[in-house]
Amino acid sequence: MLKILKWLLAPLVILALAATAMVYGLLSLSLPMLDGKQTSRAISADVSVARDNLGQAVIEAQNRQDVAYGLGFAHGQDRFFQMDLLRRNAAGELSELFGEAALNLDKQMRFHQFRERSEQIYAQLSQSHQDVLTAYTQGVNDGQAQAGFNTFEYYLTGAQVRAWQPADSLLVIFAMYLDLQAGNFERDEALIHIDSVFGADMKAFLTQPSRYQAALDGSELPVGDVPIPALEVSNVPVVARHIESLPHYGSNNWAVTGALTMTNKAMLSDDMHLGLNVPAIWYRAQLNYQFEGEKVQVTGVSLPGAPAIVVGTNNKVAWGFTNGYLDVADWVELDERTNTWKEIEKIVLPNGELHQYELTMSEFGPVKVFNGKQYALSWVAHQSYAVNLDLLEFERVRDVSEAVAQAADVGIPVQNLMVVDDSGQAGWQPMGAIPKRNEPADLAVRAADYPTGWQQNESQRPSVVNPDDGRLWSANARVMSVTDHQRFGDGGYALGARAQQIRDRLQGKQQFNERGFNQLQQDNEALFLTPWHEHLTQLLNASEQSKQQYAADLKYLAAWQACACAESVGYTLVKHFRAAVIDVALAPIEEKLLARDSSLSKIKNYLEPALWQLLKAQPGSWLNGHIDWTALQLAAYERAKASLTASHGSQMDDWRWGNVNALNIRHPFSQQLPILSGLLDMPRMSAFGDTFMPAVQGPSFGASQRFIAQPGELDKAIMTIAGGQSGHPLSEFYRAGFEAYANGEATPLLPGELIHQLKIQALR
């Protein structure tokens with residue numbers, strides 16, 4: 001029988017091996033050529049594209065245009081499909097790839113008309129910046145075409161490759177606006193609903209300032225109990241629904257002046273928090289070229305689709321960003337006197353069929369109907385100054401003062417610029433597009449009161465350079481003074497616990513080096529959740545009955561380690577208890593918001609002060625059918641445990657934080673075709689961080705890179721990326737560097753030994 005079984009199985013095994021060999025053979029045909037020679041008429045002199053053992057692209061050229069061509073060539077070889085998705089997403093053109101399944105998303109994007117805006121902005125760029133984009137574009141298309149075969153994504157979707165265009169690079173920047181600033185107007189929309197349904201008192205209660213404040217000047221917004229509004233008591237309790245914790249796109253960065261380092265050089269740390277995907281969002285690169293007779297070398301990370309180094313150093317200056325979260329969007333309530341008109345957006349489907357999307361426009365911006373009214377969105381991303389290529393000029397700044405002077409002109413989503421130089425200086429300033437209107441608003445603005453200044457970029461900005469104590473920090477919470485806060489507003493700030501923890505760590509030491517900065521980037525001490533741990537422990541210890549019922553739970557809580565550590569079950573219990581208390585205590589509010597297609601998830605980062613006030617005051621109108629607040633909280637805890645059981649099984653040992661929050665970075669195609677997971681996804685790794693701490697870490701969200709540098713001491717500089725350089729699953733660089741990232745190890749910023757080199761010769 002065994003022999004017969006082997007005889008029957010043998011052909012199947014052979015067929016499977018043959019199919020696997022065929023798939024790998026077809027995939028290998030689209031691998032880029034990394035060595036040898038190419039020619040191009042798009043460059044004025046020879047260009048070299050080399051790579052080290054991490055796949056970092058090292059570009060050598062005679063001028064900025066030619067180096068842009070070389071970077072575009074490398075991007076086109078390694079990341080073209082990723083770039084294609086970025087431009088299509090921003091433009092609302094995904095339906096051409098994925099059919100009607102992408103129609104709703106495309107309609108959301110067409111609301112902003114970014115394709116049209118990109119083409120208009122490109123036409124307004126300086127000639128030198130247009131020339132750089134033209135060279136970059138030709139490089140992208142030459143790099144993509146070099147292999148002679150399309151990458152596997154196009155075969156799976158059946159789509160044709162569409163050549164890169166100069167305006168597409170501006171769409172890629174608009175894609176970052178969508179990631180980094182959409183929460184601003186979504187937050188305001190939720191606040192409009194809360195104000196409409198529950199009144200101004202509820203809005204004030206839910207968004208009151210917290211004790212977690214870490215402004216650079218030490219100023220604080222007033223903190224105190226805000227009156228708790230009474231809720232309407234219903235005879236039928238509201239069923240609690242989970243209120244999602246939305247990713248807080250942002251970052252940590254901090255800096256110290258040379259007075260606090262052994263080298264007397266200032267030092268910078270920057271780790272940008274974004275969704276983690278395959279391939280990784282950033283692309284390591286070093287650009288080498290001549291400018292006005294001087295050699296320029298800039299090393300850091302680029303965004304495939306754009307010709308600039310986004311975060312990095314030119315050996316004299318190093319810079320990094322965190323998302324600024326200033327208020328850069330207003331909803332304008334329209335009245336009968338407002339002139340509106342219709343525009344038709346044509347969305348192409350895979351078969352060439354056109355779907356027509358009707359968009360209402362006004363002088364203030366595109367129009368949306370909610371809360372029973374028409375509102376126009378006035379958003380900085382819709383302004384002509386939102387996007388440009390002035391970030392290219394950062395490659396040649398020589399000190400902090402030059403960088404700060406240029407920051408206001410750069411057309412990107414507003415960021416906290418942290419910059420240091422080799423003379424020991426350090427500075428902070430908001431960088432990017434900010435409207436000049438002086439009255440930011442959380443609620444809708446009447447059309448008659450539409451503020452002037454929206455069409456102009458704000459040039460007057462607060463800054464801090466070389467503070468007396470030598471320390472600067474930002475982490476997506478308010479860092480500017482209370483006075484400046486009133487001018488620039490709140491566009492969805494983080495709670496501030498992370499910023500406060502970073503500030504306190506910096507103030508606790510008198511000297512710093514790269515190793516210490518790397519440790520701080522991965523600080524996962526649970527300072528924010530410590531009061532919740534104490535509260536849950538007391539709750540479960542409140543009676544002899546609960547002590548017995550929750551004896552195992554209390555043991556895990558006693559051994560929780562006070563950190564988001566991989567082995568901690570107690571941390572998982574505390575984290576999920578807090579989330580469940582939000583779900584249960586605020587269920588009546590969430591139900592009414594959901595009925596209006598809104599949610600508390602848009603303002604969840606503000607709720608901490610209100611939660612503690614409710615737990616302290618225990619108002620009866622908020623019980624929602626529970627006997628008392630002890631019963632409400634125990635119900636929340638049981639809800640948390642039921643959720644963990646459903647996701648991770650009934651054995652509490654399996655609720656270790658490293659398992660519950662495991663790093664699980666997946667390719668978008670494997671999520672639809674799980675059979676591709678082994679080929680496309682990064683290996684699943686144990687977790688080491690969480691939300692309200694410097695070490696931000698979720699299953700598919702967290703530090704997209706970790707950068708540490710002292711200009712003038714770059715041999716010790718660090719750049720660790722959450723994934724490999726190449727988007728091709730058979731490339732030697734597909735996963736290169738990921739394991740080091742997942743294990744918290746540091747990889748060098750500067751390129752290592754060059755193991756591949758492609759020479760591109762200029763044809764005249």
Side-chain angles (χ1 to χ4, degrees), residues 32-52 55-79 122 125-146 164 166 169 283-310 312-319 388-398 402 406 711 714 725 749-764:
M33 183 175 75
L34 305 183
D35 298 283
K37 294 182 179 180
Q38 294 275 293
T39 58
S40 175
R41 295 187 183 277
I43 51 179
S44 61
D46 293 355
V47 173
S48 169
V49 180
R51 290 172 172 88
D52 70 359
Q56 178 166 203
V58 179
I59 317 296
E60 299 268 0
Q62 291 299 310
N63 55 58
R64 190 58 182 86
Q65 288 174 232
D66 286 354
V67 90
Y69 175 92
L71 181 61
F73 195 96
H75 284 168
Q77 283 189 306
D78 289 336
R79 299 291 191 88
Y122 172 72
L125 292 177
S126 67
Q127 188 62 52
S128 63
H129 286 173
Q130 284 189 356
D131 290 344
V132 167
L133 269 187
T134 299
Y136 175 81
T137 296
Q138 188 61 55
V140 168
N141 291 326
D142 288 352
Q144 186 279 327
Q146 170 271 307
W164 198 256
S169 292
Y283 186 89
R284 303 172 65 117
Q286 182 182 85
L287 310 182
N288 298 273
Y289 62 98
Q290 298 285 325
F291 183 79
E292 296 182 350
E294 293 186 7
K295 182 178 179 181
V296 177
Q297 181 182 82
V298 57
T299 312
V301 292
S302 59
L303 176 64
I309 296 297
V310 177
T313 176
N314 63 7
N315 304 338
K316 294 181 179 296
V317 169
W319 66 91
N388 58 40
L389 290 188
D390 285 5
L391 186 59
L392 295 175
E393 314 309 320
F394 249 63
E395 297 172 3
R396 300 186 293 275
V397 295
R398 291 168 293 186
E402 277 191 33
Q406 289 191 15
L714 296 185
Q725 282 281 95
L749 166 73
L750 294 179
E753 179 184 357
L754 300 180
I755 60 174
H756 296 287
Q757 186 174 39
L758 183 67
K759 289 283 190 179
I760 306 173
Q761 297 176 328
L763 290 178
R764 296 176 179 83

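FYI, the numbering just counts along the sequence from 1. Values reported hereafter were calculated over all heavy atoms of this structure, with side chains retained and with hydrogens, waters and symmetry mates removed.
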Just distance, no hydrogens or angles: give the donor-acceptor pairs under 3.5 Å from side chains in residues 752-759, sequence neighbours left out.
from: H756; atom 1: ND1; to: D35; atom 2: OD2; distance (Å): 2.6
from: H756; atom 1: NE2; to: E732; atom 2: OE2; distance (Å): 2.8
from: Q757; atom 1: NE2; to: S48; atom 2: OG; distance (Å): 2.9

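- With sequence neighbours excluded, the residues that form a salt bridge (Lys or Arg N to Asp or Glu O under 4.0 Å) with E402 are R398.
- Checking side-chain atoms of R79 against main-chain N and O of Q725 turns up a donor-acceptor pair under 3.5 Å.
- Between R64 and E395, at least one side-chain nitrogen of the basic residue sits less than 4.0 Å from a carboxylate oxygen of the acidic one, meeting the salt-bridge criterion.
- Nearest heavy atoms, A285 versus S302: CB-OG, 4.3 Å.
- A distance of 7.5 Å separates CD in E60 from CD in Q286, rounded to the nearest 0.5 Å.
- Looking at Q297 and N315, their side chains do bring a donor and an acceptor atom within 3.5 Å of each other.
- For residues 41-52, the salt bridge (Lys or Arg N to Asp or Glu O under 4.0 Å) pairs, not counting sequence neighbours, are R51-D78.
- Contact between S44 and A762 at its shortest, heavy atoms only, is C-CB, 4.0 Å.
- Shown here for K295 and Q290, the closest heavy-atom pair between the two residues is N-OE1, 3.7 Å.
- The two residues Q77 and G143 come nearest to each other via the heavy atoms CG-O, 3.5 Å.
- Taking 4.5 Å as the limit, some side-chain heavy atom of W319 sits within range of a side-chain heavy atom of V317.
- For the residue pair Y69/S40, the side-chain donor-acceptor check at 3.5 Å is satisfied.
- The OG atom of S128 sits 8.5 Å away from atom CG of L392, with the distance rounded to the nearest 0.5 Å.
- Distance check: S126 OG to N388 CG gives 9.0 Å after rounding to the nearest 0.5 Å.
- A 4.5 Å side-chain heavy-atom check between P166 and Y136 finds every atom pair outside the cut-off.
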Apply side-chain contact (heavy atoms from CB on, under 4.5 Å) to N141 and T137, showing your working. CA-CA 6 Å; N141 291 326; T137 296; 3.8 Å; yes

Starting from the C-alpha separation in whole Å, work towards a yes-or-no answer on side-chain hydrogen bond (donor to acceptor under 3.5 Å, both in side chains) for Q144 and D142. CA-CA 5 Å; Q144 186 279 327; D142 288 352; over 6 Å; no

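- Taken to the nearest 0.5 Å, the CD1 atom of I760 stands 13.0 Å off from the NZ atom of K37.
- Side-chain contact between V296 and R396 is present, with at least one heavy-atom pair separated by less than 4.5 Å.
- Put simply, the side chain of N288 reaches to within 4.5 Å of the side chain of V58, judged on heavy atoms.
- At a threshold of 4.5 Å between non-hydrogen side-chain atoms, the residues Q38 and Q146 count as touching.
- In this structure, the side chain of D66 does not engage the main chain of I43 through any donor-acceptor pair within 3.5 Å.
- Residues Q62 and Y289 form no side-chain contact, since every pair of their non-hydrogen atoms from C-beta on lies 4.5 Å or further apart.
- Within the model, atoms CD1 of I309 and CG of L391 stand 9.0 Å from one another, a figure rounded to the nearest 0.5 Å.
- Residues K316 and P711 form no side-chain contact, since every pair of their non-hydrogen atoms from C-beta on lies 4.5 Å or further apart.
- The distance from atom CG of L287 to atom OG1 of T299, rounded to the nearest 0.5 Å, is 8.0 Å.
- Here the side chains of Y122 and L133 are in contact, with some heavy-atom distance below 4.5 Å.
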